[in-house]
Amino acid sequence: MDKGEMLLLYHEMVLVRRLEEKAAELYQQGKVGGFLHLYIGQEAVGSGVVSSRRPEDRVITAYRDHGIAISCGMSAEIVMAELLGKKTGCSKGKGGSMHLADVNLNFWGGHAIVGAHLPLAVGMALADKYQGSEAATICLFGDGATNIGYFHESLNLSMVWSLPVLWVCENNQYGMGTSVERASAVSEIRRKADGYGMQNDRVDGMDILQVRAATEKALEYVRKEGPYLLEVVTYRFRGHSMGDPERYRESDEVQKWKDDDPIGIFRNYLLENGHHNLETLDAEDQKVEDEIQQAVQFAETSPDPAPEALFQDIYVEGVE
Amino acid sequence: MTVMTMRQAISQALWEEMERDERVFIIGEEVGLWGGTYAVTKGFYDHFGPERVRDTPIAEGVIIGAANGAAMAGLRPVAELMTINFAFLAMDQIVNHSAKLRSMFGGQFTIPLVIRTVGGGGRQLGATHSQTPDVVFAHFPGLKVVAPGTPYDAKGLLKSAIRTDDPVMFIEHATLYQTRGEVPDGEYLEPIGVSKVQRQGDDVTLVTYSKMLQVSLQAADQLAQDGVEVEIVDLRSLRPLDIEPVVASFRRTNRCVIVEEGWPSYGIGAEVATRLYEEAFDYADAPIRRVAQKEVPLPYNRELEQLALPQVDDVISAVKEVL
């Protein structure tokens with residue numbers, strides 16, 4: 001990775017962080033409705049994984065999807081517009097926070113039924129293989145998704161059909177408020193892949209360089225051999241969603257992880273190794289501030305969907 | 001025209017569409033080597049190969065999920081659920097994904113998916129293998145639900161279902177595969193969402209679909225001997241529901257019986273009757289009647305099972321009540 005790309009990734013991680021903080025603010029002001037699941041603390045995972053892909057590789061994830069959307073190339077403006085339910089949002093205001101997607105960026109969505117997008121990834125990888133494409137499908141999901149049937153049905157079938165899927169488990173240690181230890185028979189999620197004879201690895205998700213290296217290695221394997229499960233150990237600094245009372249974890253634990261802030265780790269790395277100086281990084285932070293401000297302004301001044309939109313985009317052919 | 005069975009008609013539709021479009025493939029349990037549990041895809045595996053006729057593990061969630069994903073990515077899957085009772089294992093994929101992926105993402109995704117499945121009772125398979133829950137699927141906007149009652153309609157509607165860019169539940173009836181009927185020799189398509197008058201008459205309007213079309217036709221023959229001419233409107237598609245031919249018929253006959261195999265509560269009959277009351281209340285000369293399954297899980301015992309299912313005599317009695 002060259003200096004320039006490192007700076008881009010730094011920018012991306014800070015952008016995700018600030019976007020989430022701003023989204024939380026707007027949620028508290030009642031401008032964002034529904035559920036809001038923040039990616040704060042997990043930035044190194046999305047940026048590390050997605051930046052390893054080729055343009056033809058598909059990305060699909062769960063409902064904690066703002067960061068992944070940004071990593072796939074969606075602008076903060078379009079994300080913010082969708083959060084505010086505007087016509088200019090990526091899903092025209094019909095999806096909201098949990099349902100961001102842009103097929104032109106090869107980003108196949110945030111999906112909000114736990115585990116349900118894993119079979120979708122199987123189908124996409126099948127379609128690519130069927131059509132002779134070299135593309136891989138990268139499917140991200142949380143630790144909670146590994147206890148539901150979909151996970152097992154999908155890992156199994158991806159092996160049976162030897163499909164080009166990279167399964168990425170973002171183990172942030174909690175499925176809502178239930179810790180991995182309280183919900184899963186094995187706390188090292190990667191072990192579940194062993195049951196399907198699937199290659200797997202486990203990596204520190206707070207260090208983007210480690211995530212990058214592990215993803216690159218995994219994708220190489222996927223393209224040559226078939227499915228692979230990469231467990232990325234991370235932590236969400238905020239609650240499961242806004243309004244989470246967080247009775248299930250101690251503040252000491254949260255603080256301990258916050259000391260390992262993925263953005264701080266990467267920033268220090270860039271400084272200590274002389275890749276970039278403080279001035280450059282601060283300037284990048286300022287650029288992000290401007291971008292966020294612009295995104296909020298874009299979203300707030302965008303129109304709501306017209307009433308006619310209610311009956312649009314439900315069927316391709318014929319309306320009742 | 002050639003006389004053939006429902007099984008042959010469905011099989012022909014599939015074969016022709018697979019020959020026509022390489023993006024069409026079949027995915028499901030025992031569709032390949034076995035040839036389909038109802039023998040609909042017999043010979044397909046040898047002709048089209050394992051890539052296009054894909055045997056899966058017994059895992060309905062990932063069958064429909066993978067079909068959804070493949071459809072999103074540009075293929076045109078025909079997924080087979082061995083029976084509609086197993087569709088409940090894929091319910092999340094069908095109602096939360098097939099039906100919603102398009103609208104929830106602002107029209108970015110297209111789901112040209114057909115789910116072929118087999119419903120209906122009458123084969124002594126017990127309560128969990130004999131249901132007719134068609135209406136459950138018809139409840140969800142975003143899906144199309146088709147259930148043919150003749151070989152002619154089965155072939156023409158299945159070809160349309162495969163060609164439409166929307167997700168379609170295509171519900172076949174387990175006891176209709178041997179039913180014979182005339183099918184055109186050349187290619188033809190039947191439009192989805194268009195009801196069809198299958199028999200003309202002036203005395204009573206019978207509204208029905210699928211297996212109950214055949215039961216209603218038998219009832220109509222017997223009633224004709226007593227001088228009662230019923231008109232049979234076959235819905236063929238439960239969503240979209242084409243109610244206009246039903247209303248038009250009712251305005252002439254002023255009497256209506258709705259015949260469905262599923263349970264009456266919250267059913268097709270309830271829906272059709274309400275639409276008639278809403279749109280043609282003044283034309284009613286008698287209360288609208290429903291013929292449907294008794295409100296019990298279907299028992300195994302043959303006599304009890306038949307007691308629960310709607311019979312020709314039940315239809316005749318209902319018609320006489322509204323006359």
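Chain letters run A, B, ... following the sequence lines, proteins first, then strands; residues in each count from 1. Values in this document were obtained by computation on a predicted structure and should not be read as measured data.
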Practice task
Go through Ile314(A) and Arg102(B) one step at a time and tell me if the side-chain contact (heavy atoms from CB on, under 4.5 Å) criterion holds.
Solution key: CA-CA 6 Å; Ile314(A) 295 166; Arg102(B) 182 169 185 78; over 6 Å; no
Problem - Residues of residues 138-153 of chain A near chain B, each having a heavy atom less than 4.5 Å away - result: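 Answer by number: Tyr150(A), Glu153(A).
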Quick one: what part of [X] sits under 4.5 Å from any heavy atom of chain A, side chain, backbone, both or neither?
| X | value |
| --- | --- |
| Leu101(B) | side chain |
| Asp92(B) | both |
| Thr110(B) | side chain |
| Arg163(B) | backbone |

Would you check if the side chain of [X] reaches a backbone N or O of [Y] as a donor-acceptor pair within less than 3.5 Å?
| X | Y | value |
| --- | --- | --- |
| Gln93(B) | Ala116(A) | yes |
| Gln108(B) | Cys90(A) | yes |
| Tyr315(A) | Leu143(B) | yes |
| Asp165(B) | Val316(A) | no |

Completion exercise
Scored by heavy-atom pairs under 4.5 Å with chain B, the best of Asn156(A), Val122(A), Leu126(A), Thr137(A) is Leu126(A)
Problem - Residue among His117(A), His99(A), Glu82(A), Lys94(A) with most heavy-atom pairs under 4.5 Å to chain B - result: His99(A)
Practice task
Please work out which of the three classes, parallel, tilted or perpendicular, describes the rings of Phe109(B) and His111(A), given edges at 30° and 60°.
Solution key: parallel
Exercise for the section: With side-chain contact (heavy atoms from CB on, under 4.5 Å) as the test, would you mind laying out the steps for Arg54(B) and Trp161(A) before giving the verdict? Expected result: CA-CA 10 Å; Arg54(B) 305 191 76 97; Trp161(A) 286 348; 3.6 Å; yes
